[in-house]
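The structure presented is a predicted model; accordingly, all values stated were derived computationally and were not measured.
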Amino acid sequence: MRITVIEHEAEAGLGYLAGWLGLACEVVRPYLGEEVPDRAADGLIVLGGAAAAWEDERSPWQPATRDLLRRAVDDATPTLAVCLGAQLLTMACGGTVERGAHGVEVGAREVVALPAAASDRLLSGVGRAVAIQYHQDAITRLPEGAVPLMTGDPYENQAYRLGPAAWAVQFHPEATPEIFAAWTADPPLDTAEELNAEVKAAESALVSAWRPLARAFADVVRTAARP
């Protein structure tokens, strides 16, 4: 069993997920000239990046990534779309992504489960949790048929499920404190030291909240791949 991973930039890799999933991951790096496949393997993960989901001139592989995500939803391929990945999934399936009206959301921030999360295969049991955030764009309208799973303040669309096996999360369950510190250093943030300390202090809470999500996603991949 293999998971296809679309990595948009070297500083936004699998992080925690590399150790938590327990499945082989084939990482595609289109920023190095690698071609985005037409279809994923047994599962699909699309990671984050600095570009906006509509900035195809900045990241010319984004149309192919949106096509891949759309096919994954149509084929019921288990999919986890993170931050930019979630926004690309949203656009690919008819939702709306816009520049966030409240500015950049960055740091360790609380996300809250909605009622549908209680029976969700990935997010049941989460309740309230701390998550790493770093985004300036927002999902403002979900694709038709999407099930909202988590919310937050000031950006309400923090996680949803589309179809039987595609999940979008606006936050970063994969990001380690070290990865986050690399983001706040380039470009440098005035509040980087404070934000980095905040995320480091939340490390155990991050692991407790999001390792079960990763393992549950791996179980979905395994189940879907069985004959």
Participant: Hey, are the side chains of D56 and R66 touching, using non-hydrogen atoms and a 4.5 Å cut-off?
Facilitator: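 SC-SC contact between D56 and R66 confirmed.
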Participant: Quick one: pull up CD in Q87 and OG1 in T140 and give me the separation to the nearest 0.5 Å.
Facilitator: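 So the CD of Q87 and the OG1 of T140 are separated by 10.0 Å.
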Participant: Identify the two heavy atoms, one from T77 and one from A41, that lie closest to each other, and give their separation to 0.1 Å.
Facilitator: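 The answer is CG2-O, 4.0 Å.
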Participant: Are L47 and V106 joined in one hydrophobic group, where the rule is that I, L, V, M, F, W and Y side chains link up if heavy atoms are under 4.5 Å apart?
Facilitator: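 Yes, L47 connects to V106 through the hydrophobic network.
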Participant: Let me confirm one number: the CD-CD1 distance from E34 to I6, rounded to the nearest 0.5 Å.
Facilitator: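 It comes to 9.5 Å.
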Participant: Is there a side-chain contact between V46 and L84 in this structure, where contact means two heavy atoms from C-beta onward sitting under 4.5 Å apart?
Facilitator: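 No; the side chains remain at least 4.5 Å from each other.
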Participant: Answer yes if Y31 and V28 sit in the same cluster of Ile, Leu, Val, Met, Phe, Trp and Tyr residues linked by side chain heavy atoms under 4.5 Å apart, and no otherwise.
Facilitator: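 Yes, one cluster joins them.
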Participant: Applying a strict under-4.5 Å side-chain criterion to I, L, V, M, F, W and Y, I'd like to know whether L21 and L206 cluster together.
Facilitator: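 Linked, L21 and L206 end up in one cluster.
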Participant: Taking all heavy atoms of V5 and all of C25, pick out the closest pair and write down the distance.
Facilitator: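 The answer is CG2-CB, 3.9 Å.
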Participant: Heavy-atom distance under 4.5 Å between the side chains of R211 and Y16, does that happen here?
Facilitator: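 In short, these two side chains do not touch, never coming nearer than 4.5 Å.
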Participant: For residues W61 and H8, is any side-chain donor paired with an opposing acceptor at under 3.5 Å?
Facilitator: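 A pair is found: one side chain offers a donor N or O, the other an acceptor, under 3.5 Å apart.
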Participant: Would you tell me whether W167 and D120 have side-chain atoms, one donor and one acceptor, within less than 3.5 Å of each other?
Facilitator: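 Their side chains do contain a donor-acceptor pair, which is all the 3.5 Å distance test asks for.
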Participant: Under 4.5 Å between side-chain heavy atoms, chaining through other members, with only Ile, Leu, Val, Met, Phe, Trp and Tyr counted: pull out the rest of the cluster around L114, sorted by chain and number.
Facilitator: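 Answer for L114: none, a lone residue.
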Participant: For W210 versus V126, what's the shortest heavy-atom pair and its separation?
Facilitator: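 The answer is CH2-CG1, 4.1 Å.
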Participant: For the residue pair L69 and T65, establish whether any side-chain heavy-atom pair is separated by less than 4.5 Å.
Facilitator: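 Yes, close enough: below the 4.5 Å cut-off.
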Participant: Please examine the side chains of N196 and P177, heavy atoms only from C-beta on, and report whether any two atoms are closer than 4.5 Å.
Facilitator: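 A side-chain contact under 4.5 Å is absent here.
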Participant: Tell me whether N157 contacts the main-chain N or O of I139 through its side chain, where contact means a donor paired with an acceptor under 3.5 Å.
Facilitator: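 Present.
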Participant: Using the rule that Ile, Leu, Val, Met, Phe, Trp and Tyr join whenever any side-chain heavy atoms are under 4.5 Å apart, tell me whether L80 and V36 fall into a single cluster.
Facilitator: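 Not linked; separate clusters.
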Participant: Could you walk me through whether D219 and R222 pass the salt bridge (charged side-chain N to carboxylate O under 4.0 Å, His left out) test, one step at a time?
Facilitator: CA-CA 5 Å; D219 286 342; R222 293 186 186 97; 2.9 Å; yes
Participant: Does the R215 side chain pair with the main chain of G22, one donor and one acceptor, at a distance under 3.5 Å?
Facilitator: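 Pair absent, no side-chain N/O of R215 close to backbone of G22.
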Participant: Roughly how far, to the nearest 0.5 Å, is the CD atom of E7 from the CD atom of E9?
Facilitator: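 Going from CD on E9 over to CD on E7, the span is 8.5 Å.
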Participant: Indicate the ring-plane relationship of W183 and Y134, choosing parallel, tilted or perpendicular according to the 30° and 60° boundaries.
Facilitator: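 Perpendicular.
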Participant: Taking the side chain as C-beta and beyond, is there a heavy-atom pair between R99 and D137 under 4.5 Å?
Facilitator: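 Of all side-chain heavy-atom pairs linking D137 with R99, at least one is under 4.5 Å.
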Participant: Which value, rounded to the nearest 0.5 Å, describes the distance between L68 atom CG and R39 atom CZ?
Facilitator: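 Rounded to the nearest 0.5 Å, the CG-CZ separation comes to 9.5 Å.
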Participant: Please determine whether the number of non-hydrogen atoms from other residues, nucleotides or ligands lying under 6.0 Å from atom CD of E193 exceeds 12.
Facilitator: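 No, because the 6.0 Å sphere around CD of E193 holds 12 heavy atoms or fewer from other groups.
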Participant: Give a yes or no on this: more than 12 heavy atoms of other residues, nucleotides or ligands lie within 6.0 Å of atom CD of E156.
Facilitator: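 Atom CD in E156 is not packed in, count stays at 12 or less.
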Participant: Look at the side chain of H172 and the backbone N and O of E174, then say whether any donor-acceptor pair between them is shorter than 3.5 Å.
Facilitator: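 Not at all, since once roles are kept as given, no pair shorter than 3.5 Å links the two residues.
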Participant: Got a second to check how far D67's CG is from L88's CG, nearest 0.5 Å?
Facilitator: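 Separation between the atoms: 11.0 Å.
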Participant: Using side-chain heavy atoms (C-beta onward) and a distance below 4.5 Å, is L213 in contact with L123?
Facilitator: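 They are in contact (side-chain heavy atoms under 4.5 Å apart), so the answer is yes.
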Participant: Do R109 side-chain atoms and P154 backbone N/O form a donor-acceptor pair below 3.5 Å?
Facilitator: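 No.
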Participant: Take atom CD in E35; do more than 12 heavy atoms of anything else shown fall under 6.0 Å from it?
Facilitator: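 No.
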Participant: Can any side-chain N or O of Q158 pair as donor or acceptor with the backbone N or O of M150 at less than 3.5 Å?
Facilitator: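 Such a contact is absent between Q158 side chain and M150 backbone.
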Participant: Any idea which heavy atoms bring H135 and C83 closest together, and the distance?
Facilitator: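 That would be CB-SG, 3.9 Å.
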Participant: Give a yes or no on whether the ring-centroid distance for Y155 and H102 is below 6.0 angstrom.
Facilitator: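 Yes, ring centres under 6.0 Å apart.
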Participant: Using a cut-off of 6.0 Å, state whether more than 12 heavy atoms not belonging to E110 lie near its atom CD.
Facilitator: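 Yes - once you tally the heavy atoms of other residues, nucleotides and ligands closer than 6.0 Å, there are more than 12.
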Participant: Give the minimum heavy-atom separation between I179 and G15, together with the two atoms involved.
Facilitator: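 Smallest interatomic distance, heavy atoms only, reads CD1-CA, 3.6 Å.
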Participant: Using modelled atom types only, decide if a donor and an acceptor are shared between the side chain of T223 and the backbone of V220 within a distance under 3.5 Å.
Facilitator: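 Judged by distance alone, no pair lies under 3.5 Å.
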Participant: May I ask whether V169 and Y160 are part of the same hydrophobic cluster, defined by side-chain heavy atoms of I, L, V, M, F, W, Y residues being less than 4.5 angstrom apart, directly or through others?
Facilitator: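 V169 does not cluster with Y160.
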Participant: So which atom in V73 and which in C93 form the shortest heavy-atom distance, rounded to 0.1 Å?
Facilitator: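 Nearest pair, atom of V73 first, then C93: CG2-SG, 4.1 Å.
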Participant: Looking at A53, is its backbone amide N or carbonyl O close enough to the side chain of Q62 to form a donor-acceptor pair, meaning the two atoms are under 3.5 Å apart?
Facilitator: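 Yes.
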Participant: How many angstroms lie between atom CG of L162 and atom OG1 of T90, to the nearest 0.5 angstrom?
Facilitator: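 These two atoms lie 8.5 Å from each other.
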Participant: Within a strict 4.5 Å, meaning less than it, do heavy atoms of the P78 and D42 side chains meet?
Facilitator: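 In short, these two side chains do not touch, never coming nearer than 4.5 Å.
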Participant: Is a side-chain N or O of R71 found less than 3.5 angstrom from the main chain of D38, in a donor-acceptor match?
Facilitator: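 Yes: the side chain of R71 pairs with the backbone of D38.
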